[in-house]
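I have placed the structure first, in the form of structure tokens, so that the comments after it can refer back to it.
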Amino acid sequence: ANRVSPEIERRLAARPALLFVFIMLSEKFTAEGIMRSQGLSEASMFLYLRDLEELGLVALGRGLSARLLVDTPIQWDFEGPLKPHFEMTNKNFIGWAIGHLEQAATFISFSRRMRPETAEMLRREADELAERAKLLAHHDQHTTPEDQLTGYKWTFAFGATPFPAIMPI
């Protein structure tokens, strides 16, 4: 199954660092890669893996190896207990992208007035593009050596602009 139970989501919500280790594992990071990118000790990494095993999310192997027990990509409940963490992660990513436009990021933001029918057409096209990106990534993951793959994040938000909420005067 590619879902995590509501109880496990609640337990992960109470420990954001454990959630983020699990997400990185689900994105095919090795324990060593997580340690390197996050500055974790081997002992800390082992404790995270052990806690994920106790939640039934991974099976520990030798050393720091762990096998996911949840199919990927994971279908999270974006309205559940993890919502604040997903909001924070996406806000952080947008901030990072704005700061890295010259190197490795793209950020597009604009506001235009349009008919609801035009907005619906654009939303459908964005959904289709997202599905195409997922399909292409799936293909890459099955045809490309792991060390030649790079993780990319896609964040898309589109809707009638709530000006008072985002630009209070």
Side-chain angles (χ1 to χ4, degrees), residues 2 4 9 12-13 15-42 44-45 48-49 52 64 66 68 70 72-169:
N2 65 343
V4 175
E9 284 195 1
L12 288 171
R15 295 192 52 205
L18 188 63
L19 167 67
F20 299 147
V21 167
F22 180 60
I23 289 172
M24 290 181 77
L25 288 170
S26 76
E27 292 288 333
K28 309 290 190 256
F29 278 82
T30 62
E32 291 78 10
I34 295 170
M35 288 169 44
R36 201 169 32 257
S37 73
Q38 299 288 336
L40 298 176
S41 69
E42 194 169 318
S44 293
M45 189 69 216
Y48 283 124
L49 293 174
L52 290 171
L64 292 176
L68 280 180
V70 179
T72 59
I74 298 170
Q75 298 298 307
W76 299 102
D77 176 7
F78 291 112
E79 293 301 319
L82 296 173
K83 181 179 179 176
H85 300 297
F86 292 130
E87 286 178 359
M88 179 201 64
T89 299
N90 282 291
K91 288 176 184 177
N92 289 347
F93 176 68
I94 289 169
W96 176 89
I98 291 170
H100 291 83
L101 293 176
E102 297 301 317
Q103 294 94 354
T106 300
F107 177 76
I108 301 167
S109 177
F110 61 88
S111 181
R112 299 289 187 277
R113 294 168 49 87
M114 64 183 75
R115 295 178 307 124
E117 297 82 7
T118 302
E120 179 58 25
M121 178 188 73
L122 292 170
R123 189 200 55 75
R124 280 193 309 271
E125 288 180 13
D127 285 345
E128 290 168 7
L129 183 57
E131 288 305 314
R132 182 169 178 255
K134 292 175 190 175
L135 184 65
L136 291 170
H138 181 79
H139 178 265
D140 285 355
Q141 291 166 24
H142 285 87
T143 61
T144 306
E146 192 66 37
D147 63 350
Q148 293 178 21
L149 296 173
T150 301
Y152 287 86
K153 181 160 179 51
W154 174 299
T155 298
F156 176 80
F158 179 74
T161 311
F163 285 106
I166 65 171
M167 297 180 191
I169 297 175

Verify the neighbour count for atom [atom1] of [X]: are there more than 12 heavy atoms of other residues, nucleotides or ligands below 6.0 Å?
X: Tyr152; atom1: OH; answer: no
X: Lys153; atom1: NZ; answer: yes
X: Glu102; atom1: CD; answer: no
X: Glu32; atom1: CD; answer: yes

Over all heavy atoms of both residues, which pair between [X] and [Y] is shortest? Give the atoms and the distance, please.
X: Thr144; Y: Gln148; answer: CG2-CB, 3.7 Å
X: Ala13; Y: Pro81; answer: CB-O, 3.5 Å
X: Ala31; Y: Leu49; answer: CB-CD1, 4.2 Å
X: Leu12; Y: Phe22; answer: CD1-CD2, 4.4 Å
X: Thr155; Y: Asn90; answer: OG1-OD1, 2.8 Å
X: Leu68; Y: Ser26; answer: CD1-CA, 3.4 Å

Drop me the distance from [X]'s [atom1] to [Y]'s [atom2], to the nearest 0.5 angstrom.
X: Leu136; Y: Glu131; atom1: CG; atom2: CD; value: 11.5 Å
X: Leu64; Y: Thr30; atom1: CG; atom2: OG1; value: 9.0 Å
X: Lys83; Y: Asp77; atom1: NZ; atom2: CG; value: 10.0 Å
X: His138; Y: Thr143; atom1: NE2; atom2: OG1; value: 10.0 Å
X: Phe107; Y: Phe93; atom1: CZ; atom2: CZ; value: 10.0 Å
X: Leu40; Y: Ile34; atom1: CG; atom2: CD1; value: 8.0 Å

With heavy-atom distances below 4.5 Å as the criterion, would you say the side chains of [X] and [Y] are in contact?
X: Val21; Y: Met45; answer: yes
X: Glu117; Y: Glu120; answer: no
X: Thr106; Y: Leu101; answer: no
X: Asn2; Y: Thr72; answer: no
X: Met24; Y: Ser37; answer: yes
X: Phe163; Y: Ser111; answer: yes

Quiz item: When you check the gap from the basic side-chain N to the acidic O, do Glu128 and Arg124 get nearer than 4.0 Å?
Solution: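 Between Arg124 and Glu128 there is no salt bridge, as every charged N stays at least 4.0 Å from the carboxylate O atoms.
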Practice problem: Go through the steps for Met114 and Leu122 under the test side chain to side chain contact (heavy atoms under 4.5 Å, CB included), then give the verdict. | Solution: CA-CA 11 Å; Met114 64 183 75; Leu122 292 170; 3.8 Å; yes
Quiz item: Relative to each other, are the rings of Trp76 and Phe86 parallel, tilted or perpendicular (30° and 60° limits)?
Solution: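 Tilted.
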Self-check item: Parallel, tilted or perpendicular: rings of Phe156 and Phe158 (30°, 60°)
Solution: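 Taking Phe156 first and then Phe158, their aromatic rings lie parallel (interplane angle under 30°).
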Quiz item: Yes or no on side chain to side chain contact (heavy atoms under 4.5 Å, CB included) for Trp154 and Leu129, after CA distance, side-chain angles and deciding distance?
Solution: CA-CA 11 Å; Trp154 174 299; Leu129 183 57; 3.5 Å; yes
